[in-house]
Structures are given as structure tokens and as C-alpha cells.
Peer 1: 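Just passing along the structure, written as C-alpha cells.
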Amino acid sequence: MGFDTSGLLPLSDALQGMLEQLACCCDTEQLPLPEALGRILADDIASPLSVPPFDNSAMDGYAVRLADLAAGTPLIMAGKAFAGQPYQGEWPAGHCVRIMTGAPVPAGTDAVVMQEETRADGERITFLCQPVPGQNIRRAGSDMAKGACVLGAGTRLTPREMPLLASLGIAIVSVRRPLRVAIFSTGDELKPVGTPLAHGDIYDSNRYGVKAMLARLGCDCLDLGILPDNPDLLRAAFIRADQEADVLITTGGVSVGEADFTKQLLDELGEIGFWKLAIKPGKPFAFGRLPHAWFFGLPGNPVSAMVTFDQLVQPALAKLAGQRFERPLQLQAVAAEPLKKSPGRLDFQRGILCQGPNGLEVRSTGSQDSAVFSSLSRANCYIVLERERGRVAAGETVTVEPFGGLLL
Ligand code: AMP
Ligand code: MG
């Protein structure tokens, strides 16, 4: 409260400043389709064939010519067409063809009448309704036309793309190799899980969060563990990460405390900017380059580390990995209770979004202190409160950003 926030860097400027400097650094490799899940397409994919490849029936029923139906008398079944077994016989006037879903429609078919709209008496089929031309026929190329771009370079392959690529007969895909990201936590107080804590110690939680997010993004992670606030050990870790990874992400040590050696070392080893961001949580943040790797220094406070990773590092890693990044969906909701806020920073408060009787409602998860981790784990969205906004009264409309694939 009350401190001068005018010199803080807006999130959008920080993001733009980073993205302008970054370009994809991952080579291309060829993978069999099943192994490409989670990878990023290196090239546009043009459909090598039409899908569906031929006109076919959308229903189990009867293929008809409208001229034959006009007479109003029952039609005689000339034969049957199955998926994978087209009808190849004669089709004399006054006849129809029994057809199953997915079977190619015989040449000359105007429509398919679903069997529920017919009555069969042996081979004599009575039609209970008059079909319109094209009814129940899936036209060749109606899903994807031959030669059309069906997936753009930069698309991350999810379970939704796998059957699409298979439907095109594509067995090998050209994808980017995974981005290699080194991580470590800094702080004398940090202990790994599974070990006892001495007075003054806490468990290193950030590394588990960062690692989990990297796994979601499909990055290869080089985990360098916990480093004490010791310049020599930190220097060695920075050098190793620079040699072995595309990116180094650290947490802690980027503020101005007496044990914050990160700045000193990075001035020595690379070109790094230390930013005070106009967002809450997450004020201190470092970005820049080591001789061979990009560097992101996240704040030590666990919620700040997660939020700055999600909002700033995620789009940057996407660009380095060759992924097309889309900003997450933002919605409007009504604050179901007052929200504390002071003007000066863009707030990413942690909220619980739900469907109320009159539309979307959002509540706070409680204390928004950046060290309170439970505020994040109980949330399902950010409540994004504009920089100049003050306290929010119950009933006011606010912007919410449901957690995306990274945090869910
Ligand atoms: P620092 O940025 O190093 O000054 O850390 C800010 C706060 O975050 C301190 O309370 C640290 O103990 C805490 N912190 C730093 N790193 C971690 C970590 N890896 N896990 C949990 N808490 C951390
Ligand atoms: Mg520290």
C-alpha cells in the first residue's frame, strides 16, 4: 500500500519486449504419428486426399433416385452396399439400393432415406417421406478438401489432431525437437522433499511446480536441484545450464536481498535485465541471455513463481519451441463478494468461478499473499483486475481467466 508503482513495467510491455527477441531454436525431426503426440508441427499440413474420399451414406437406409420416387409406388431393392463393399450391380428404373453408413453411394444416387422412414415388405420398399436432394449423403471432400491446409505449422498435437492426421493417411510427421530447459531453485533455506527440516528451513516447492508446467509444455527438463546462496556454486550451475540447455529457469534470488547473488552473476556471465513488473503477484522478474541460452529468473515466492511462469514464460517458451501461442480465454463474471485491491499493479488474484443463477460468478480463494500456496491450489481461474482499479464491490463485473492446460 502506498508505495510508488509508476516506474513498474507493464506486463504487456515485458511480454512484447521478450517475444521480439526470441525465435524458434528447435530443429525438425520426423516421427511416426503415435510418437508425435504433444509435439509441435514444423510445417503446414496440406491434405493429400479428400476426406471423405468418396460420396458416402450418413445413415443405414436406401439409396434412391428422386425420379423413381416421384411415381409414388414402392421401389424394388436391387442390391446392397456396405462400408468397404460398394454396390456394383445394375440399378434399373424403379429400384433402390439398400445402403449402410459409410458405404459409397452408387452412381446416380440423389439421396439416402433412413430406414426408419421406410417400410420393407420383402424386396418391396415403401418410402414414408419425400427426401430432398443430397439428403444423408456425405460428399467427397466435405470435411477436408485435397490440397487444403488442415493444420498450420506451430500446432501442438493433442489427442484431437491424431485421428485427423490418421484420416489423411499420414504416417510420419515433421515436428520440432523438444525445447531443453534447465531449472534450479536458489536459497539456503530450501530442502528437497523427503528430508527433515531444520529450524528456518522450508521445502523447495517451486521446482516441482516449474517442472510440472514444463512437462505439460512438452519440454525436456534438466533438473539441477537446489543451489545454496553461494556465488561459486551458482556460477558453476549457470555455466552448466548454458552449455547443456536452450533455456535456464531459476526461482528465487532475483530481488534485492543480501543473499540475492543472481544479479551479480548474470551481470558477469550474460546480458540480463532485471524487471520490476507492474503485476501482482510477481514483481521481481529477470530476463535475458547467457552466451548460449535464454534466461528467465522467477520470483522466489511460490505463487509469484507460478503466475509469472504462466503469464510470461509460457508464451516465451512457446515461441522458442516453434509453437503458435494463443492467449487464454478471458470471460466476464460478477464478483460474488468484495475483492481487496489497490491501484498500481495488474492483479492476478486466484478465484473460484462458478455458474450462478444469473450467469458466471467469481469468489476469491482467500488470502492473496504471494506466499499463500493454498490460494492457487483451490482456484480454478485468475481474477484479472486492471492496473488502475481499486477495491471491487460485490456485484461489480470483473474479468476472469479460467486456468488453461498448463495449470489444470
Ligand atoms: P527470494 O526471492 O529468494 O528472496 O525468495 C522469496 C521468498 O520465497 C522467500 O520467503 C523464500 O524462502 C521463498 N522461496 C524461494 N524459493 C523458494 C522455493 N524454491 N520454494 C519455496 N519457497 C521459496
Ligand atoms: Mg532466496
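One-based numbering, in listed order, for ligands and for the atoms of each. On a predicted model such as this, the values are computed, not experimentally measured, just so you know.
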Peer 1: Counting non-hydrogen protein atoms only, what is the nearest one to atom 4 (O) of ligand 1? Give residue, atom name and distance.
Peer 2: Ser255 OG, 3.6 Å

Peer 1: Identify the two heavy atoms, one from Ser174 and one from Asp43, that lie closest to each other, and give their separation to 0.1 Å.
Peer 2: OG-OD2, 3.3 Å

Peer 1: In terms of atom number and element, which parts of ligand 1 are under 4.0 angstrom from non-hydrogen atoms of Gly252?
Peer 2: 2 (O), 3 (O)

Peer 1: Could you tell me which atoms of ligand 1, counted from 1 in the order shown, lie closer than 4.0 angstrom to a heavy atom of Thr251?
Peer 2: 19 (N)

Peer 1: Considering only NZ, NE, NH1 and NH2 on the basic side and carboxylate oxygens on the acidic side, decide whether Arg139 and Asp55 come within less than 4.0 Å.
Peer 2: yes

Peer 1: Kindly write out the residues that satisfy ring-ring contact (aromatic ring centres under 6.0 Å, His included) with Phe287, not counting sequence neighbours, or none if the list is empty.
Peer 2: Trp275, Trp294, Phe296

Peer 1: For ligand 1, which atoms have a heavy atom of Ser185 less than 4.0 angstrom away?
Peer 2: 19 (N)

Peer 1: Can any side-chain N or O of Arg176 pair as donor or acceptor with the backbone N or O of Cys26 at less than 3.5 Å?
Peer 2: yes

Peer 1: Sort out for me which residue in Leu407, Ile249, Thr251 forms a side-chain contact (heavy atoms from CB on, under 4.5 Å) with Phe309.
Peer 2: Ile249

Peer 1: With distance as the sole criterion, is a donor-acceptor pair present between the side chains of Gln323 and Gln314 under 3.5 Å?
Peer 2: no

Peer 1: Could you walk me through whether Arg65 and Asp110 satisfy the salt bridge (Lys or Arg N to Asp or Glu O under 4.0 Å) test, starting with their C-alpha distance in whole Å, then the side-chain angles of each, then the deciding distance to 0.1 Å, before giving a yes or no?
Peer 2: CA-CA 5 Å; Arg65 287 174 301 221; Asp110 292 317; over 6 Å; no

Peer 1: Backbone or side chain, does any N or O of Arg207 fall under 3.5 Å from an N or O of ligand 1?
Peer 2: no

Peer 1: May I ask you to identify the nearest protein heavy atom to atom 18 (C) of ligand 1, giving residue, atom name and distance to one decimal place in Å?
Peer 2: Asn206 ND2, 3.2 Å

Peer 1: Let's go through Asp223 and Arg207 carefully: what are the C-alpha distance in whole Å and the side-chain angles of both, what is the deciding distance for salt bridge (Lys or Arg N to Asp or Glu O under 4.0 Å) to 0.1 Å, and is it a yes or a no?
Peer 2: CA-CA 8 Å; Asp223 184 350; Arg207 204 158 38 96; 2.9 Å; yes

Peer 1: Where the closest heavy atom to atom 19 (N) of ligand 1 is concerned, which of Asn301, Asp204, Val303 has it?
Peer 2: Asp204

Peer 1: Checking ring-ring contact (aromatic ring centres under 6.0 Å, His included) for the pair Phe238/Phe261: CA distance, chi angles, key distance, verdict?
Peer 2: CA-CA 12 Å; Phe238 276 112; Phe261 294 111; over 10 Å; no

Peer 1: Given that the side chain starts at C-beta and the backbone is N, CA, C, O, which of these parts of Ile202 lies under 4.0 Å from ligand 1, counting heavy atoms, or is it both or neither?
Peer 2: side chain

Peer 1: For Glu189, counting its heavy atoms only, list the atoms of ligand 1 lying under 4.0 Å from any of them.
Peer 2: 11 (C), 12 (O)

Peer 1: Just distances here: any N/O of Gly300 and N/O of ligand 1 closer than 3.5 Å?
Peer 2: yes

Peer 1: Is there a nitrogen or oxygen of Gly253 sitting under 3.5 Å from a nitrogen or oxygen of ligand 1?
Peer 2: yes

Peer 1: To which protein heavy atom is atom 20 (N) of ligand 1 closest, and what is the distance rounded to 0.1 Å?
Peer 2: Ser205 N, 3.0 Å

Peer 1: Which ligand 1 atoms are under 4.0 Å away from a heavy-atom of Tyr203?
Peer 2: 20 (N), 21 (C)

